[in-house]
*Asks:* 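Let me give you the structure first, and then I'll get to my questions.
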Amino acid sequence: MKQCVVAFALAILFVFPVIAADPAPIQAPPAPGPATGLADLAALRATVFGTPPQDIAPLPEKVPLLEMDLALPWARPVPAVFWFDRRLRVWFSAQDKPAPLAIVIAGTGSDGNTAKLAILRAVLYGAGYHVLTMPSPTFPGFIVSASSTGVAGDLVQDGRDLYAAIQQIIAHLPRKVRITDIDILGYSLGGANAAVVKSIDAAERKLNIHRALMINPPVSLFATVGRLDKLYAITLGNGDAGVERFYQQLYAALANLYQASGQVELDQDFLLGAAASILKTNAEFSAAIALTFRIALINVFFAGDLYSGSGVVVDPRHPPTVNAPLEETFRILRGKPFSEYFTKVFAPYYLRHRPNSTVEELIAENRLDAIGAALRADPDYYAQTNSDDLILDAAELDWLKRTFGERIQVYDHGGHLGNLGDRRQVADMLDMLGGRWTGSAP
Amino acid sequence: MRAAGSAMVLLLALAGCASQEVRYREWPPDTPAANNAVNLERASALAAEAASAGKSAKTEAAGEPVPITAADAPSLATYDPWAGFNRSMYRFNARFDEAVYLPVANRYRRLPSPIRAGVHNFFGNLAEIDSIINYTLQGRLGRMVRSVGRFAINSTLGLGGLFDVAEKLNIPKAPTGFGTTLAKWGMHPGPYWVIPIYGPSTLREGIGLAADYGTSYAVNVANLYRGGTSWGLGVLNAVDKRANVDFRYYASGSPFEYDTIRFLYVRKVLIEDAGLNRSKPAKNPNPDAPAGQ
């Protein structure tokens, strides 16, 4: 069945090739095959709830925290509606002695201080690293303050912007900081970003990045987001009706739980407890995952549309003012899948700016095998993933295993990032970054 | 006059900061081990709660819960007739928070935790007076007695409220205010309202806040609200509140943050109202009416 879908998608791609000068509408990336973990409730649960606190690796008592807000020289004029994103915000934790620097990049749409980054920061700091945590290049704060295009999601372009931003950050670290070596890592999309940054550095040698580690990376960006789009369509349908139904269901469940609890305030603790009893079925977990991703995409879509002047939801002649009502824009974007971002914003922009490029090349450049030769040959690239990670299909997981050989660790369970920070993942991560990795245990 | 001078110095300092290539802001150190210990405790509490679900007796007889169905949920849209003012005020609050409120709260967070806990408990204990009055007005006498007990214990054994001894005796705090009293009396929340510096609220909650302050002023326990130190005490109370709220304006980086916060806040109020009166959530007969109208 899966082969049929892939063959059908490829047929569409080859029978109707789209090139820059072709006036025909741009086709979305091919529909991806099913992912490995979608039907598995344990994988879905792990993805939503993350690593249980009892499984988290030992953490240090205290980690210093310095926020750095940088005005980057190449930043584009800031649109009024993004007035608060003028500066790139990153977080730095310094050792008080010379130490290696670990640069950690967040996953899709996330800022530089997420709960997942806080765990990685803590374990890396505890292991003796200076730690710099960075937002994803798909985080609106990065798109506005550090992107040279405003159209996020292109691995190479995002990698170049990250590489330039990291150089600026390192040049402005507090003077007392002494760096002995630089490693880079990231989770989810941030893992792919980290590998691309190392590959750029291998050519330009401005930072001399030593090791790169990808935690639960996608293999093909567009296949992964296509998979999440499909998950959205299956669980929530197209248009507003599905989202409304899901919201009404959650609202009623939450209101009933609240009434039964006799609590005074509907606070964070109550919500955390409620989440565990409200989401029960595969469909509910899947809908929550798909919706979370869609909300991250809304910002990317909005910023890309605004910067590229595509005019999908933002009138380029009348960009939104600082206090403009955005309800309607949000409502429209909620219903738009990634494929529409690709066909109406992303591909037209990059085809315009890379005149000899084709849609197929854009898709291919956003697969990890664009840097496959380096990943295979350079012993300083490492990866960690899970066999039930729902952003990969079996072929992609197999590609990762073949490409990394002994330099990958594949865990049996954890879904997507649902074991980040657990004892085993952390021990392996530190061995990989410290050059002590001797291959995965049988 | 002195306040105006200070404001000018602050503005000049901020203007200077704005042009810098890099701004550094040192935060209180993160405490991952302690944070995870809290998470662990929370997880065990949740597990215990789940295990005993259905067995726990209600603390007050407020009637049987009314089952709420998906059809009772308000629309995805939110009633916000003052959106123009509110959006401007949200922006002002974000700027004020970033420039003044948060930096002061962060400095405060560097004080030893027993001192901060003492300050927090002290203000919490003062708030019990307002809770006693409002629980009485709400007719929730069980809770009123609990607040009286907490106030008596913490004011004496807790050395004037510096220690929350009642909490340790398993009498946790459950503060209330005039906003909740109005809700209990059946008053609709009214329009969403972003209050200067305070943040997201509704008209009813805003009236409640003013009444709560008026009550404190009228009761004026130990002359704290009218004496020479009342101004400083008010600032300390505000700083303590900010230091205990884990929120940063525009940490989302998103231009839709105003809409998201409004969406969540109004639904939180509607769910709390329904819980308070054991009723269906207030809903406009028009199914297309935005939530909160």
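Everything numeric here is computed off the predicted structure, so don't read it as measured data. A note on names: the letters A, B, ... follow the listed sequences, proteins ahead of strands, and every chain is numbered from 1.
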*Asks:* Heavy-atom cut-off 4.5 Å, strictly under: side chain, backbone, both or neither for A/Asn323 against chain B?
*Replies:* both
*Asks:* Could you list which of residues 324-333 of chain A have a heavy atom closer than 4.5 Å to any heavy atom of chain B, in residue-number order?
*Replies:* A/Ala324, A/Pro325, A/Leu326, A/Glu327, A/Thr329, A/Phe330, A/Leu333
*Asks:* In Å, rounded to the nearest 0.5 Å, how long is the span from CD of B/Glu21 to CG of A/Leu70?
*Replies:* 8.0 Å
*Asks:* To the nearest 0.5 Å, what is the distance between NZ (B/Lys268) and OH (A/Tyr258)?
*Replies:* 7.5 Å
*Asks:* Can you find a heavy atom in the side chain of B/Pro28 that is under 4.5 Å from one in the side chain of A/Leu65?
*Replies:* no
*Asks:* Among B/Pro32, B/Ala43, B/Gly275, which residue has the highest count of heavy-atom pairs closer than 4.5 Å to chain A?
*Replies:* B/Pro32
*Asks:* Which region of B/Tyr258, side chain (C-beta onward) or backbone (N, CA, C, O), has a non-hydrogen atom less than 4.5 Å from a non-hydrogen atom of chain A, or is it both or neither?
*Replies:* neither
*Asks:* Is B/Arg107 atom CZ crowded by more than 12 heavy atoms from other residues, nucleotides or ligands, each under 6.0 Å away?
*Replies:* no
*Asks:* Counting heavy atoms not belonging to A/Lys62, are there more than 12 under 6.0 Å from its NZ?
*Replies:* no
*Asks:* Side chain, backbone, both or neither: which part of B/Ala94 has a non-hydrogen atom closer than 4.5 Å to chain A?
*Replies:* side chain
*Asks:* Just checking, is any N or O donor in the side chain of B/Tyr250 or A/Arg89 under 3.5 Å from an acceptor N or O on the other one?
*Replies:* no
*Asks:* Roughly how far apart are A/Gln54 CD and B/Asn36 CG, rounded to 0.5 Å?
*Replies:* 9.0 Å
*Asks:* Got a second to check how far B/Arg91's CZ is from A/Phe84's CZ, nearest 0.5 Å?
*Replies:* 10.0 Å
*Asks:* Between B/Pro255 and A/Asn299, is there a side-chain heavy-atom distance shorter than 4.5 Å?
*Replies:* yes
*Asks:* Does any part of the side chain of A/Met68, heavy atoms only, come nearer than 4.5 Å to the side chain of B/Arg23, both counted from C-beta?
*Replies:* no
*Asks:* Between B/Ser252, B/Ala37, B/Ala34, which has the largest tally of heavy atom pairs under 4.5 Å with chain A?
*Replies:* B/Ser252
*Asks:* For B/Ala70 versus A/Gln248, what's the shortest heavy-atom pair and its separation?
*Replies:* O-CB, 3.5 Å
*Asks:* Can you find a pair of side-chain heavy atoms, one from A/Phe139 and one from B/Ser254, that are under 4.5 Å apart?
*Replies:* no
*Asks:* Examine distances only and state if a side-chain atom of A/Asn256 and a backbone atom of B/Ile68 form a donor-acceptor pair shorter than 3.5 Å.
*Replies:* yes
*Asks:* The test is side-chain contact (heavy atoms from CB on, under 4.5 Å); show your working for B/Trp27 and A/Leu66 and say whether it passes.
*Replies:* CA-CA 6 Å; B/Trp27 284 72; A/Leu66 177 72; over 6 Å; no
*Asks:* Non-hydrogen atoms of chain A under 4.5 Å away: do they reach the side chain of B/Arg42, the backbone, both or neither?
*Replies:* side chain
*Asks:* Identify the heavy atoms of A/Glu61 and B/Ala33 that sit nearest to each other, and give their distance.
*Replies:* OE2-CB, 3.9 Å
*Asks:* Taking side chain as everything from C-beta outward and backbone as N, CA, C, O, which of these in A/Phe142 sits under 4.5 Å from a heavy atom of chain B? Side chain, backbone, both or neither.
*Replies:* neither
*Asks:* Show your reasoning for whether side-chain contact (heavy atoms from CB on, under 4.5 Å) applies to B/Tyr24 and A/Glu67.
*Replies:* CA-CA 6 Å; B/Tyr24 301 90; A/Glu67 175 187 326; over 6 Å; no
*Asks:* Would you mind telling me which of B/Asn86, B/Asn39, B/Leu40, B/Asp246 has the largest number of heavy-atom pairs within less than 4.5 Å of chain A?
*Replies:* B/Leu40
*Asks:* By a 4.5 Å heavy-atom criterion (distance strictly below it), what part of B/Glu98 contacts chain A: side chain, backbone, both, or neither?
*Replies:* side chain
*Asks:* Using a 4.5 Å cut-off on heavy atoms from C-beta on, say whether the side chain of B/Arg95 contacts that of A/Trp83.
*Replies:* yes
*Asks:* Do B/Ile271 and A/Tyr251 touch side chain to side chain, with heavy atoms closer than 4.5 Å?
*Replies:* yes
